[in-house]
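Contents: one structure, followed by commentary.
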Amino acid sequence: MSASSQDVTRSNLSQITEIGTVFVPVVDREHSLDFFVEQLGFEKRVDYEYGGGRRWIEVAPAGASNTISLVPTTEGPVRRDDRTYCAFATTDIEREHRRLHSAGVSVDPHIARAGTPRSGLLALTVVVPDPVPAQFFIRDPDGNRFLVFQSSLRE
């Protein structure tokens with residue numbers, strides 16, 4: 001490859017360095033903040049005012065580089081449509097399923113895996129017959145669904 005073609009290739013590389021935050025629409029942000037911190041065990045990473053009294057809140061699992069931003073209705077209407085746009089990884093799926101259930105989180109009754117179907121990520125009417133790795137859904141107080149899956153660190 002010539003020097004000029006290497007320069008062109010380098011100039012096409014993204015300057016984006018990571019996925020920063022996932023937006024989760026919520027109606028009652030205090031209730032949602034309590035859910036993520038008290039029930040899921042996440043940390044509150046950011047909490048400040050912006051743009052005429054609006055509030056920016058981010059939560060994340062301890063040590064995670066990506067966050068979840070609890071987006072208020074002042075940014076637009078909250079739509080409940082059973083779609084899942086975010087997944088959480090765990091190194092112990094059985095333990096996390098029990099922990100979340102005992103913390104009062106709305107959690108699927110069973111862990112789906114090969115031979116145990118689960119509903120689709122984007123529609124409840126879709127069935128995934130053999131999901132791998134092991135996984136289950138949880139729901140926040142606003143009905144947002146999140147997939148929890150067994151990370152490859154332990155499979």
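The figures here come from the full heavy-atom set of this structure, side chains too, leaving out hydrogens, waters and symmetry mates. As the structure is a computational prediction, the values presented were derived from the model and not from experiment.
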Steps toward side chain to side chain contact (heavy atoms under 4.5 Å, CB included) verdict (I57, Y48): CA-CA 7 Å; I57 302 171; Y48 61 84; over 6 Å; no
What's the verdict on side chain to side chain donor-acceptor pair (under 3.5 Å) for Q135 and R118, showing C-alpha distance, side-chain angles and the deciding distance? CA-CA 8 Å; Q135 51 200 254; R118 68 154 169 81; 2.3 Å; yes
Take V26 and V71 through the test side chain to side chain contact (heavy atoms under 4.5 Å, CB included) and record every step on the way to the result. CA-CA 6 Å; V26 300; V71 178; over 6 Å; no
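Across R99 and S102, no two heavy atoms sit closer than the pair O-OG, 3.0 Å. Contact record, I111 with A134: CG2-CB, 3.9 Å, taken as the closest heavy-atom pair. Nearest heavy-atom pair, H110 versus P117, reported as atom, atom and distance to 0.1 Å: NE2-O, 3.6 Å. Among all heavy-atom pairs drawn from S151 and T91, the shortest one is OG-CG2, 3.6 Å. When all heavy atoms of V132 and A114 are compared, the pair lying nearest together is CG2-CB, 4.1 Å. Residues H97 and P109 approach most closely at CE1-O, 3.7 Å, considering heavy atoms.
Note that the CG atom of L122 and the OG1 atom of T84 stand 7.5 Å from one another [nearest 0.5 Å]. Rounding to the nearest 0.5 angstrom, the gap separating the OH atom in Y85 from the CG atom in N144 is 10.5 Å. Going from atom CZ of F136 over to atom CZ of R113 covers 10.5 Å, rounded to the nearest 0.5 Å. For the atom pair L121 CG and C86 SG, the distance stands at 11.0 Å (nearest 0.5 Å). Taken to the nearest 0.5 Å, the CG atom of L33 stands 12.0 Å off from the CZ atom of F42. Rounding to the nearest 0.5 Å places CG of D34 at 8.5 Å from CG of D28.
If you chain together hydrophobic residues whose side chains sit under 4.5 Å apart, V24 and F35 fall into the same group. Placement of V37 and V105 within a single hydrophobic cluster is found when ILVMFWY residues are connected by side-chain heavy-atom separations under 4.5 Å, directly or transitively.
A donor atom on one side chain and an acceptor atom on the other are not found under 3.5 Å apart for T90 and R95.
The side-chain contact (heavy atoms from CB on, under 4.5 Å) test with R145 is passed by exactly one of I138, L124, D140: L124.
The distance between the ring centers of F137 and F149 does not fall below 6.0 angstrom.
L100 has its side chain within reach of L40: a pair of non-hydrogen atoms, C-beta onward, lies under 4.5 Å apart. F88 is listed as a side-chain neighbour of I68, based on a closest heavy-atom distance under 4.5 Å. Residues E94 and D92 meet the side-chain proximity criterion, which asks for heavy atoms closer than 4.5 Å. When side chains are defined from C-beta on, E43 does not count as touching V59, because their heavy atoms never get closer than 4.5 Å.
The main-chain N or O of V27 is found under 3.5 Å from a side-chain atom of D142 such that the two form a donor-acceptor pair. Side-chain atoms of H101 do not come within 3.5 Å of backbone N or O of D108 as any donor-acceptor pair.
Pairs of residues two or more places apart, or lying in two chains, that qualify as side chain to side chain donor-acceptor pair (under 3.5 Å) and include a residue from residues 67-76 are T21-T67, Y50-E75, R54-T74, E58-T67.
Look at R55 and D47 and you find a salt bridge, because one of the NZ, NE, NH1 or NH2 atoms lies within 4.0 Å of a carboxylate O, short of that distance.
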